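Presented below is the structure to which this report refers.
Because the structure is predicted, anything quoted here is derived from the model rather than measured. Just the heavy atoms: all of them, side chains too, but no hydrogens, waters or symmetry mates, feed the values below. Remember, it's 1-based here, ligands and their atoms both numbered in the order they're listed.
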Amino acid sequence: MRIDDLDTPCLVIDEALALANIAAMARACADAGVALRPHAKTHKSLLFSQAQMDAGAVGLTCAKVSEAERVAPAGSSVFVAYQVLGEGKRRRLAALRERNDVITGVDSAHAIAEAALVGTRANPLPVRIEVDTGTHRTGVSPAEVPSLAVQIGRCPTLRLDGLYSFEGHVYNSSSAAERERIARDAVALLVEASRAITSDWEALARSVGATPAVPYYLRAAGATELRPGAYVFMDANQVSLGAYWEQCAATVLATVVSTPTESRAVVDAGTKTLAADGVPRGKVARVLGHNLWVTRASEEHGIIECKGDHGLSVGQRVRLVPWHVCPVVNLADRFALLAPDSGVRWCPVDGRGCSA
Ligand SMILES: Cc1ncc(COP(=O)(O)O)c(C=O)c1O
């Protein structure tokens, strides 16, 4: 099968570009002496989990237990960077531990108490304390870390593995200098919080996330592990924060279905294919190879608008680089893996919809 044989809209992953992104990240982390634990939430596929492991990742990160069940290769180390609450999830986490080396996140006495029910005295569950370094989502302030560490220390079924943070606020940065400051501050906060727990603080993991901050984490000595996710495919948002269009491996193949005016064309990919998560005004997706954007979308229509003549014709096929690739992948059952000779083969999105 070739790309021209695909019906549209269709998620297409350029395998060579994705593997190049995986290799470049692995090399950068290895050169800096920092462990790489990619977040699988972007590709949600065993194929790319395995490729990341083969390239030298120490393990994977997953957002949810169900995601880890589907996309962590058997035997691998997986960090569920989330608070695992409720009996059903605890049971699944315990079952996952029979197949994988599992670490989880905690940021409250409640989450610690629940995690303690999953670990055993013979096989304590490694946990990491989530620290809020400025995203103001989950995570405790650095000042609260020592008391959580004491609580973990009192649980014989838990082992404190380290600290982690996610610098989501880097997505609101407006310059490389600001991204550098965010990364440096985060690493410094984790080092300081680790020192406050134990004199043996260097033995603790200090794990940071977020693709746009990677170059700066690498320069700021102190992090032991990086958890980028989006880097595997990149997207228009990443390009706005320092990546290159040439790195964008995920596109939605679409067909122009209507050209109502010279300056407006419509494709058959709307929000049910392209998602529209956190999209700034006028930037749902970039039309690859054209100076055009899908500026807005309804469920099944993507609307390309420009100042001059779009130059597109009905029936023409275009490839769209989404603003935020992660929810786009999660909308697809499978993707077409594109080879350099334009051949394609289907691969499942193994962790599609795994949000539990
Ligand atoms: C906890 C955590 N770690 C790492 C990441 C990866 O970040 P990015 O997609 O910017 O690479 C995310 C993304 O949402 C996250 O929530």
Side-chain angles (χ1 to χ4, degrees), residues 18 21-22 24-26 28-29 34-45 48-49 52 57-65 67-68 71-72 77-84 102-107 111 127-140 161-173 178-179 182-183 186-187 189-190 205-218 223-243 247-250 275 277-278 322-330 351 354-355:
N21 292 340
I22 288 171
M25 184 63 76
C29 288
V34 177
L36 173 62
R37 187 183 283 279
H39 205 309
K41 81 197 175 86
T42 304
H43 54 67
K44 281 184 173 274
S45 101
F48 285 112
S49 294
Q52 289 170 321
V58 295
L60 294 164
T61 305
C62 286
K64 299 291 181 66
V65 180
E67 193 174 69
V71 307
S77 164
V78 58
F79 174 30
V80 178
Y82 213 90
Q83 295 69 15
V84 178
V102 181
I103 308 167
T104 59
V106 291
D107 71 344
V127 291
R128 293 177 175 179
I129 300 172
E130 184 177 7
V131 182
D132 180 6
T133 56
T135 293
H136 305 324
R137 191 173 68 177
T138 41
V140 294
D161 184 69
L163 308 181
Y164 79 105
S165 62
F166 169 59
E167 287 58 58
H169 48 308
V170 77
Y171 283 97
N172 298 324
S173 66
E178 194 180 349
R179 291 190 275 286
I182 288 169
V187 172
L189 278 181
L190 290 195
R206 293 175 300 281
S207 173
V208 291
T211 294
V214 165
Y216 314 107
Y217 294 137
L218 292 174
T224 61
E225 179 183 286
L226 265 52
R227 304 185 318 278
Y231 80 96
V232 63
F233 295 156
M234 296 299 190
D235 55 25
N237 193 8
Q238 297 299 333
V239 172
S240 76
L241 295 162
Q247 293 176 288
C248 293
D277 180 55
W323 177 259
H324 184 191
V325 70
C326 307
V328 176
V329 174
N330 191 48
C354 288
S355 294

Run through all N or O atoms in ligand 1 and write down each protein N or O closer than 3.5 Å, as a pair with its distance.
unit_1, atom_1, unit_2, atom_2, d
ligand 1, 3 (N), R227, NE, 3.3
ligand 1, 3 (N), R227, NH2, 3.0
ligand 1, 9 (O), K41, NZ, 3.4
ligand 1, 9 (O), A230, N, 3.4
ligand 1, 10 (O), Y171, OH, 2.4
ligand 1, 10 (O), T211, N, 3.0
ligand 1, 11 (O), T211, N, 3.0
ligand 1, 11 (O), T211, OG1, 2.5
ligand 1, 11 (O), G229, N, 2.6
ligand 1, 11 (O), A230, N, 3.1
ligand 1, 14 (O), K41, NZ, 3.4
ligand 1, 16 (O), R137, NH2, 3.0

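- A cation-pi geometry, defined here as NZ or CZ lying under 6.0 Å from the six-membered ring centre and within 45° of its normal, holds between R128 and F79.
- In terms of the side-chain hydrogen bond (donor to acceptor under 3.5 Å, both in side chains) criterion, Y82 has no residue partners (sequence neighbours excluded).
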E225 vs V208, test: side-chain contact (heavy atoms from CB on, under 4.5 Å). Steps then yes/no. CA-CA 6 Å; E225 179 183 286; V208 291; over 6 Å; no
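- For the side-chain hydrogen bond (donor to acceptor under 3.5 Å, both in side chains) test, no residue two or more places apart in sequence or in another chain qualifies with Y216.
- Among residues two or more places apart in sequence or in another chain, the side-chain hydrogen bond (donor to acceptor under 3.5 Å, both in side chains) test is passed with Q247 by none.
- For R179 and S173, the side-chain atoms include at least one donor-acceptor pair closer than 3.5 Å.
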